[in-house]
Amino acid sequence: MLRGAALLVLLAACRPAEPTPVVCAAAAADAAPFRLLTRAELDRTLRDLLGDETRPALAGLPAEPLVFGFDNDARLRVANAAWVSASFELAEAAAARVVRERPERIIDCPSRGADCAEKFVASFGRRAYRRTLTLAEHEALTTFFESVHLSGGYLEALEQTVTVMLQSPQFLYRPELGVRAGFAASRPLPGPELASKLSYFLWGTMPDAALISAAENGELDDSGGLERQARRMLEAPQARESAADFFAQLFTLEGLSRVEKSTAAYPSWSPPLQSSWRRSMELYFGEAAGRAGTLRGLFTTPALYVDAAMSMYSPGSSGDFVRVSMNSQRAGVLAQPGLLARLASSDQSSPVRRGVFVFDRLMCQPLPPPPAGLAITPPVLDPGATTRERFTLHGKAGCAACHRKIDPVGFGFENFDGMGVWRDTEANRPIDASGNVVDARDPGLSGPFDGVGELSAKLAQSRQVHDCVAAHWYRYALGRVEVESDACALGQVQRRFVDSGGSFEAVQLAVVLSDAFRSRGGAP
Amino acid sequence: MKLDRRCLLKALGLGAVALPSLEAFGQTAAPRRFVAFYHPNGVHPDWHPVAGADPFAFSFGPSQLALAPYRQHLLYVQGLELTCALAGAGEQHQRGLSGLLTGSTIQAGSFTGNDGTTAGWASSISVDQELVKVVGQGARAASLQLGVKVGERDVSGCLSYSGAAGPLLPQSDPKQTFARLFDATTMPVDELEKLRRRRASVLDGIRGQFTRLSDSVSVADRRQLEAHLEQVRDLEKRLTALPPSEACRTGTAPPAVAWQTENAMPDVSRLQLDLLVVALKCDLTRVATVMYSDAKNHIALPFLGIAGDVHNISHLSDSSPDRAELATRDRWQAEQVAYLLGKLQGAAEGAGTLLDNTLLLWSSEVSRGNVHAHDEMPFLLAGHAAGWQMGRTLRVTRRAHNGLLTSILQGLGGANSAFGDSQFASSPLGL
């Protein structure tokens, strides 16, 4: 590890293009000092803290609002009445389970007496609060344990103390308060706060013992130490789980559970496909976006994971998921059945949704709204006409301003029907999947293409798409949408991503090492 | 899947046993309740009542005949406009839904709308949450946000707001509704007492930890913690304020339904409304909203024979033959309202019924989906909690719907003289 860091220093010294690293002023308005754990984070934390595999939060707590598909926007997460009441009951149940089923997981104290209080509060508390407890916290919890022990006995004291800790803000939130440094506008995060931020970003769960120790020893206070820990964590399996979660949110897999098709239009549709589509895409992300994953791999890997429910995509598939190597017809994330089915209507494909998704999600170039008062009427089904023919009406006045951009991208997907099944003809005519990217911010991205394969290749090498995906990582890591004052830090992350050849590991490291990640902005 | 009604009621613990009644409430003491109903993408013209010789002589719109038995309990208010939704960030569905109960203009933000534009949450508290302050104190759940297949987890799927930063997203799983209302109330009394003592102890410990953290953060940062702690205190009050009647403690969990699927919508609607009625009746809550789908509403309704995307159908021109499917959808929505009104009317309370002490509001986020209009909004009021003369239509000359929201607040005892964004006229309608 040291060798790696030393090498980096050498490399930095011989990199003429960047004589002095630009220090970005901290982003201003990130006044969300307390980040509430999401349901997914809570479930993984309960797993790692208590050995509780029941994932109670996902089923029992209110769903998070989604911003750009992401569930962790700090400023939108508020503990309202429904959340507080459900999380209280969750904590009660989780505490009861661990004390009943595996107390050894949280305490090693053979005397089972009141004298266990101090030891338990200190050791379990450090894991639950992700740092050493303050003296005041320690005293309050110890006194609590002892008093319950007096009236209700050892197990009762244990259970109630765990419930209290699981409902305390120190556990439910990840405080990002920072340390005031003179008159500087930005406040660097102290080690333990940074450790939690790092762990929930790269692993989606609480820090492990090594990270907490490193943080409390001050190892995260300099770039070298922080990078060492980040690299160690990126090698662990939890990092792949967390990256898969990022891509699942980026590609809005959450919505797959709600995709239903008209069985009149698509007799092969049935509800189990919802979970198969999702699992199939998760497996795809595991391969294309894993540790050595790159943006190019994401857009071009010719693989498909199919189970018995997905035989319409790969004839003969049966049983559990298997990987099928595909040809160029179905290469890359944009050719994955789940995504294609999600970006379609219940009874037909949707060039509009597919085109909007590419502009919005992958190019970060949202389109202006349609004119006020416009009657928006998608064409009705007509067995005698192709989708492209029916949607060509968009070329008319009023619609054209946007649809001259949306539709030519969406038409490129026409080889895939509303289920994401490949088709060569529609309405007895051969599919025309020729498309065009019109007026992209990146001039290199503009221009004609034929089919999803060529579109994917264009996107994979575009600077605009690299910048867009890097921005999504940045948002996901910081738990907020970027503001103007992020331009400098975000710009650096985006450059690193491009320079690395679109490596997902590199972009995560770049975010971690950015000032925006390591400090709290200059809020008053 | 069709669920047997009798079986459902039995599962809910409402079969042979009559609904528990709150004898404790005399006629004057009965709490007042508010329920808001929402369905997406406006209405077919057949929704609107046709005026007669006088306000009482209206005829029901052809899609609304299910409501005919409740005629004397209804008040249609016609001519209102969602003025607050005419401008602002995002698209017309986002603006309409965020403004429907708040009467204010949407915030800028990052939620992608139906057409790719972006908007944020509503910018102020919604009328149902304002009513929690007026009528909702003391109930086990301050309010309920129920959904029937609400998919969007952003401004397109949110009707209730505790404030500008306080979206209250609905939940569509009847099991969760049940858990919210009845979890511990199903225990025997002595165990319940033990649980209450233990919870008081635990909550005490939690408050202690809040204090320890609060002491070490700046005044500005403390705000979020204090808001959370306030909810914990509130929880304590609610956990210790249990319903008086034995019968209100004996719910049985609703059967599992595939609540995320389109075909389960009728069952989910019944289960949610049945639970709502018990909750209102047992005074477990006094304020609720019910959302059917969301403002994006890209779903089909196969149980009604509607195979196409309903949002797209709402865009069809009035002359299109397929537009009739929207009236079919409106008919089903009216049946859901009628079902709830029937249950409220069937529940005795004091010398009257639960419907006497409830005010229901039903609307959508646009009036005509095919032009995304916000004038001539469909507004139906039902029930007698506000003491208004019902059984009629009221036509106003095009004005902001904020006045209606103010009227609702005043009708249920609020001291508000205006509601929503002050740039929109919001003096009460004089109902």
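For the numbers below, each heavy atom of this structure counts, side chains included, while hydrogens, waters and symmetry mates do not. Here is the naming used below: chain letters follow the sequence lines, and residue numbers restart at 1 for every chain.
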Legend entry - Proximity of residues 58-68 of chain A to chain B, residues having a non-hydrogen atom under 4.5 angstrom: A:A59, A:G60, A:L61, A:A63, A:E64, A:P65, A:L66, A:V67, A:F68
Inset, instruction - Would you mind reporting whether B:R199 and A:F88 have side-chain heavy atoms less than 4.5 Å apart? - result: yes
Inset, instruction - Please confirm whether the backbone N or O of B:L235 pairs with a side-chain atom of A:S85, one donor and one acceptor, at under 3.5 Å? - result: no
Inset, instruction - Supply the atom-to-atom distance A:F144 CZ to B:I206 CD1, rounded to the nearest 0.5 angstrom. - result: 8.0 Å
Inset, instruction - Answer yes when B:D221 and A:R520 have at least one side-chain N-carboxylate O distance shorter than 4.0 Å, and no when they do not. - result: yes
Inset, instruction - Calculate, to the nearest 0.5 Å, the distance between atoms CZ and OG belonging to A:R75 and B:S110 respectively. - result: 8.5 Å
Inset, instruction - Side chain from CB out, backbone as N, CA, C, O: work out which of these in A:F145 comes under 4.5 Å of a heavy atom of chain B, or both, or neither. - result: neither
Legend entry - chain A contact via B:L169 - which portion, at a heavy-atom distance below 4.5 Å: side chain
Legend entry - ring-ring contact (aromatic ring centres under 6.0 Å, His included) partners of B:H228, counting only residues at least two apart: A:Y173, B:F210
Legend entry - Rounded distance [0.5 Å steps], CZ in A:R361 versus OG1 in B:T112: 6.5 Å
Legend entry - Euclidean distance, A:D347 CG relative to B:N312 CG, rounded to 0.5 Å: 8.0 Å
Inset, instruction - Could you check which of B:S162, B:S201, B:G120 has the highest count of heavy-atom pairs closer than 4.5 Å to chain A? - result: B:S201
Inset, instruction - Select one option (side chain, backbone, both, neither) describing which atoms of B:D234 are under 4.5 Å from chain A's heavy atoms. - result: neither
Legend entry - Heavy-atom proximity to chain A below 4.5 Å, by part of B:K149: side chain
Inset, instruction - Would you give the length of the straight line joining atom CZ of A:R258 to atom CD of B:Q260, rounded to the nearest 0.5 angstrom? - result: 8.0 Å
Inset, instruction - Examine whether an atom of A:V84 lies under 4.5 Å from a heavy atom of chain B, and if so say whether it belongs to the side chain, the backbone or both; otherwise answer neither. - result: both
Legend entry - Backbone of A:F34 reached by a side-chain donor or acceptor of B:Q224 within 3.5 Å: yes
Inset, instruction - Could you tell me which portion of A:A86 (side chain, backbone, both or neither) has an atom closer than 4.5 angstrom to a non-hydrogen atom of chain B? - result: neither
Inset, instruction - Inspect the contact between B:R198 and A:E159 and indicate whether a charged nitrogen and a carboxylate oxygen are less than 4.0 angstrom apart. - result: yes
Legend entry - Nearest-0.5 Å distance that lies between atom CZ in B:R153 and atom CG in A:L76: 12.0 Å
Legend entry - A:E260 backbone acceptor or donor facing B:E262 side chain under 3.5 Å: no
Inset, instruction - Please determine, among A:L177, A:V259, A:V356, A:V148, the option with the most heavy-atom pairs under 4.5 Å with chain B. - result: A:L177
Inset, instruction - Before accepting this row, confirm whether a basic side-chain N of the pair B:R212/A:E139 lies closer than 4.0 Å to the acidic partner's carboxylate O. - result: no
Legend entry - Part of residues 160-170 of chain A lying next to chain B, heavy-atom separation under 4.5 Å: A:Q160, A:T163, A:V164, A:Q167, A:S168, A:P169, A:Q170
Inset, instruction - Could you tell me which of B:T261, B:D154, B:V202 has the largest number of non-hydrogen atom pairs under 4.5 Å with chain A? - result: B:V202
Legend entry - Residues that B:E230 engages under salt bridge (charged side-chain N to carboxylate O under 4.0 Å, His left out), provided they are two or more places apart: B:R233
Legend entry - Shortest non-hydrogen contact between A:S262 and B:A307, atoms and distance: CB-O, 3.9 Å
Legend entry - Electrostatic pair A:E89:B:R180 at N-O distance under 4.0 angstrom: no
